[in-house]
Amino acid sequence: MGNHHSGEKFAAHLIAMVENEEYAQNRSKQRENMKVVFDEIDKNSSGTIEKAEIQQLFDVVIEGYHRAAEKVLAKDLPDHKEIEPKEVAALFKEADAEHNKKLPFHEFMVLVDKLCEILIEGKNIENLG
């Protein structure tokens, strides 16, 4: 499967985290859905996202975040609709608890959760207006 398909799945997860309270409370369903995306990125099935797979990770994260933000955020919040590669790199570094430039699934979920927080923060800013 290509980046586009993974990006759609990633976006669907982010959207559900913002708009579907039942899904947002169901950690096992979240993990199940994100494991599919993780496995699509982990081309060599090593159980970690490694150097050769990082660009695909970035592509999936950027596309998925953009798609989700376009759906859940108001048009007047352009600052929250895009995520830059340098921001993804910072999130990757933060999630990489072992500091080995690889993400096993549990560290990938840390990155996913941070992206959800960023999107929810944008939604909360929208609700203040």
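The first residue in the sequence is number 1, and the count goes up from there.
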Look at the side chain of E19 and the backbone N and O of V72, then say whether any donor-acceptor pair between them is shorter than 3.5 Å. no
Nearest-0.5 Å distance, CD1 of residue I49 to CD1 of residue I41: 4.5 Å
So, the side chain of E8 versus the backbone of G64: is there a donor-acceptor pair under 3.5 Å, distance only? no
Quick one: do E32 and V36 satisfy side chain to side chain contact (heavy atoms under 4.5 Å, CB included)? Show the steps, please. CA-CA 7 Å; E32 177 185 318; V36 171; 5.7 Å; no
Verdict with supporting geometry, Y65 and V88, side chain to side chain contact (heavy atoms under 4.5 Å, CB included): CA-CA 10 Å; Y65 183 86; V88 178; over 6 Å; no
E53 side chain to E50 backbone, donor-acceptor under 3.5 Å: yes
Can you confirm whether T48 sits close enough to F108 that some side-chain heavy atom of one is under 4.5 Å from a side-chain heavy atom of the other? no
Find out whether I15 and L119 are in side-chain contact, i.e. whether some heavy atom of one side chain is under 4.5 Å from a heavy atom of the other. no
Are F58 and V110 in one and the same hydrophobic cluster, where Ile, Leu, Val, Met, Phe, Trp and Tyr link if side-chain heavy atoms are under 4.5 Å apart? no
Identify the heavy atoms of H13 and C116 that sit nearest to each other, and give their distance. NE2-SG, 3.9 Å
How many angstroms lie between CD1 in I62 and CD in E84, if you round to the nearest 0.5 Å? 7.5 Å
Check whether any side-chain heavy atom of R31 lies under 4.5 Å from a side-chain heavy atom of F105, and answer yes or no. yes
Are Q56 and K43 packed together at the side-chain level, in the sense that at least one heavy-atom pair is separated by less than 4.5 angstrom? yes
Regarding N100 and E98, is there a side-chain donor-to-acceptor distance under 3.5 Å anywhere? yes
Nearest-0.5 Å distance, CE of residue M109 to CE of residue M34: 7.0 Å
Given side chains that start at C-beta, do those of E121 and E117 come closer than 4.5 Å, heavy atoms only? no
Atom pair CG/CZ of N33 and F38 - distance to nearest 0.5 Å: 15.0 Å
Closest non-hydrogen contact found for A11 with A68 is O-CB, 3.9 Å
Should M17 and Q30 count as side-chain neighbours, where that means a heavy-atom distance under 4.5 Å? yes
Checking side chain to side chain contact (heavy atoms under 4.5 Å, CB included) for the pair K101/K51: CA distance, chi angles, key distance, verdict? CA-CA 7 Å; K101 298 185 172 109; K51 185 176 181 178; over 6 Å; no
May I have the step-by-step check of salt bridge (Lys or Arg N to Asp or Glu O under 4.0 Å) for K29 and E22, ending in yes or no? CA-CA 10 Å; K29 185 66 174 170; E22 185 178 328; over 6 Å; no
D42 (side chain) donor-acceptor with S46 (main chain) under 3.5 angstrom: yes
Calculate, to the nearest 0.5 Å, the distance between atoms CG and CD belonging to L91 and E87 respectively. 7.5 Å
Least distance between heavy atoms, L111 atom then V61 atom: CD2-CG2, 3.9 Å
In terms of heavy-atom contacts, S6 and V37 come closest through O-CG2, 4.1 Å
As an exercise, state the distance from CG of D113 to CD1 of I120, rounded to the nearest 0.5 Å. 9.5 Å
Mark yes when over 12 heavy atoms from residues, nucleotides or ligands other than K35 sit less than 6.0 Å from its NZ; otherwise mark no. yes
